[in-house]
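Reading through the structure tokens given below for one structure.
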Amino acid sequence: HLLNEGRQLETVVGSRLEPAQLAFIQQMTLEPDSSPLGRAIYSKQRVVISDVKKNSLCKAYLNKALKHRLMACWTIPILGRENDLVFGVFSLHFSEARHPTDFDLKLIDSVGHLLSVIIEKANSEEELNNYKNHLEELVQKRTLELKEANQELESFSYSVSHDLRAPLTRMDGFSKVLQKNYGNILDEKGKHYLERIRFGSQNMATLIDDMLFLSKITRQEIKKESVNIGRLAEETLTQLQASEPEQNVSWTIQKDIIVQADPRLADAMIENLLQNAWKFSKMKASPYIEIGKTERNGEIWYFIKDNGIGFDMKYADQLFQPFRRLHS
């Protein structure tokens with residue numbers, strides 16, 4: 001978004017933003033505490049809002065942002081050579097709360113700097129308009145570079161996992177032979193140590209598989225379609241029951257829980273949530289799991305709940321960090 005002579009934003013590249021969202025951004029008051037874009041322009045620094053609901057800066061425009069489904073905003077000012085002039089801002093808007101990675105922040109900074117250089121070199125209105133027309137091509141080029149970088153990272157992950165898996169396989173194999181052929185001459189403590197070695201190597205192999213799976217699904221393009229959450233939940237719970245038939249866990253699933261989502265990601269999410277619900281409720285005398293939906297303030301909310309041990313709500317923001325545990 002570039003600033004015009006009237007100090008208002010004009011959108012150069014809108015990409016996937018809807019007309020109403022673009023209009024809202026262009027009409028935004030550019031005061032220091034009015035919006036992420038206003039703060040970036042006045043502070044001349046990068047401003048990252050990962051969740052408008054949790055950031056005091058956004059109170060002035062929170063309701064309108066929610067109305068237009070703009071839940072997160074990453075913004076960097078486009079500055080002149082001496083940082084005394086602001087040409088505009090480069091901003092990324094998201095319809096859900098989203099925290100940038102270190103790579104995302106470096107990419108934002110690079111694009112902001114590149115745009116500054118481009119505009120500095122535009123010595124006439126004709127040249128500037130020409131650069132405007134090619135900004136979309138520039139964004140597509142950067143997107144392609146990011147895709148290639150992700151592919152290289154995935155290849156590297158597979159290479160590392162192969163190198164890690166080989167010694168783990170040997171460790172588990174030799175400890176299995178040791179347990180089978182020499183278990184009778186080991187005392188109870190020795191057997192216990194041997195079992196812990198095998199468990200540790202198998203657990204590490206599982207962790208490698210989980211890391212590869214996470215790396216793969218988070219780098220694929222999201223393709224939304226109708227997904228029956230209830231059916232996915234039923235399949236997962238049936239598998240869990242089959243793996244632990246001695247556990248008497250009961251569950252209830254509402255009918256017609258249909259959502260628009262990526263089937264792979266939805267399946268991974270439901271599987272992980274239900275595994276946790278199963279794991280931390282089965283110690284109860286009458287473990288119970290419920291899957292359904294409800295309406296709050298005109299919106300449909302989907303839920304999975306259980307009567308297990310739960311967690312401290314002050315750590316709720318950490319729940320969906322990969323491989324993070326809130327308690328033993």
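Basis for what follows: all heavy atoms, side chains included, without hydrogens, waters or symmetry-related copies.
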OG on Ser50 to CE on Met71, rounded to 0.5 Å: 11.5 Å
Lys224/Asp262 ion pair, N-O < 4.0 Å: no
Side-chain (Asp187) to main-chain (Gly190) donor-acceptor, under 3.5 angstrom: yes
Which residues share a side chain to side chain donor-acceptor pair (under 3.5 Å) with Gln179, sequence neighbours left out: Arg198
Contacts of Phe94 that satisfy side chain to side chain contact (heavy atoms under 4.5 Å, CB included) - sequence neighbours left out: Ala72, Trp74, Leu92, Glu96, Arg98
Exceeds 12 heavy-atom contacts within 6.0 angstrom, atom CZ of Phe103: yes
side-chain contact (heavy atoms from CB on, under 4.5 Å) assessment of Thr252 paired with Ile291: CA-CA 6 Å; Thr252 300; Ile291 301 95; over 6 Å; no
Residue pair Ile253 / Gly230: nearest heavy atoms and the distance that separates them: CG2-CA, 3.7 Å
Side-chain heavy atoms of Thr75 within contact of Arg46, under 4.5 Å: no
Partner set under side chain to side chain contact (heavy atoms under 4.5 Å, CB included) for Ser43, not counting sequence neighbours: Arg39, Gln45, Val47
Smallest separation among heavy atoms of Asn184 and Asn181, with atom names: OD1-O, 3.8 Å
Transitive ILVMFWY side-chain link Leu114 to Phe87, under 4.5 Å: yes
Any side-chain heavy-atom pair of Ile41 and Pro77 under 4.5 Å: no
Sidechain-backbone polar pair: Asn307 side chain, Ser286 backbone, donor-acceptor under 3.5 Å: yes
Residues that Leu273 engages under side chain to side chain contact (heavy atoms under 4.5 Å, CB included), provided they are two or more places apart: Met269, Ile304, Phe320
Between OG on residue Ser201 and CZ on residue Phe174, distance to nearest 0.5 Å: 12.5 Å
Partner residues of Lys191 under the side chain to side chain contact (heavy atoms under 4.5 Å, CB included) criterion, sequence neighbours left out: Leu186, Glu188
Residue pair Glu299, Trp301: steps toward the side-chain contact (heavy atoms from CB on, under 4.5 Å) verdict: CA-CA 6 Å; Glu299 293 183 327; Trp301 289 65; 3.8 Å; yes
Leu70 to Val52 - nearest heavy-atom pair and separation: O-CG1, 3.7 Å
Approximate separation, where rounding is to 0.5 Å, of Asn276 CG and Lys279 NZ: 6.5 Å
Show me the donor-acceptor pairs within less than 3.5 Å that the side chains of residues 243-251 make with the rest of the protein, sequence neighbours left out.
residue: Ser243; atom: OG; partner: Gln239; partner atom: O; Å: 3.4
residue: Ser243; atom: OG; partner: Leu240; partner atom: O; Å: 2.7
residue: Glu244; atom: OE1; partner: Lys282; partner atom: NZ; Å: 3.0
residue: Glu244; atom: OE2; partner: Trp278; partner atom: NE1; Å: 3.2
residue: Ser250; atom: OG; partner: Pro287; partner atom: O; Å: 3.3

Point-to-point distance, once rounded to the nearest 0.5 Å, from OG of Ser91 to CD1 of Ile49: 12.0 Å
Non-hydrogen atoms of Gln202 and Asp172 that approach each other most closely: NE2-OD1, 3.2 Å
CE/Met283: more than 12 non-hydrogen atoms of other groups inside 6.0 Å: yes
Same apolar cluster: Met171 and Met204, side chain cutoff 4.5 Å: no
Criterion side-chain contact (heavy atoms from CB on, under 4.5 Å) on Ile76 and Val111, from CA distance to verdict: CA-CA 9 Å; Ile76 189 169; Val111 173; over 6 Å; no
Leu232 reachable from Ile300 in the ILVMFWY side-chain graph, under 4.5 Å edges: yes
Linked, directly or transitively: Ile270 and Phe303 (ILVMFWY side chains, under 4.5 Å): no
Distance-minimising heavy-atom pair for Val89 and Ala40: CG1-CB, 4.4 Å
Euclidean distance, Glu234 CD relative to Ile257 CD1, rounded to 0.5 Å: 10.5 Å
Rounded distance (nearest 0.5 Å) linking atom NZ of Lys223 with atom CG of Leu265: 12.0 Å
Derivation and outcome, side-chain contact (heavy atoms from CB on, under 4.5 Å), residues Ile258 and Ile229: CA-CA 6 Å; Ile258 308 298; Ile229 294 295; over 6 Å; no
Polar side chain donor-acceptor pair, Tyr302 to Thr294, under 3.5 angstrom: no
Heavy-atom closest pair, residues Val227 and Ala266: CG1-CB, 4.2 Å
Check: Lys293 side chain, Asp256 main-chain N or O, donor-acceptor pair, under 3.5 Å: yes
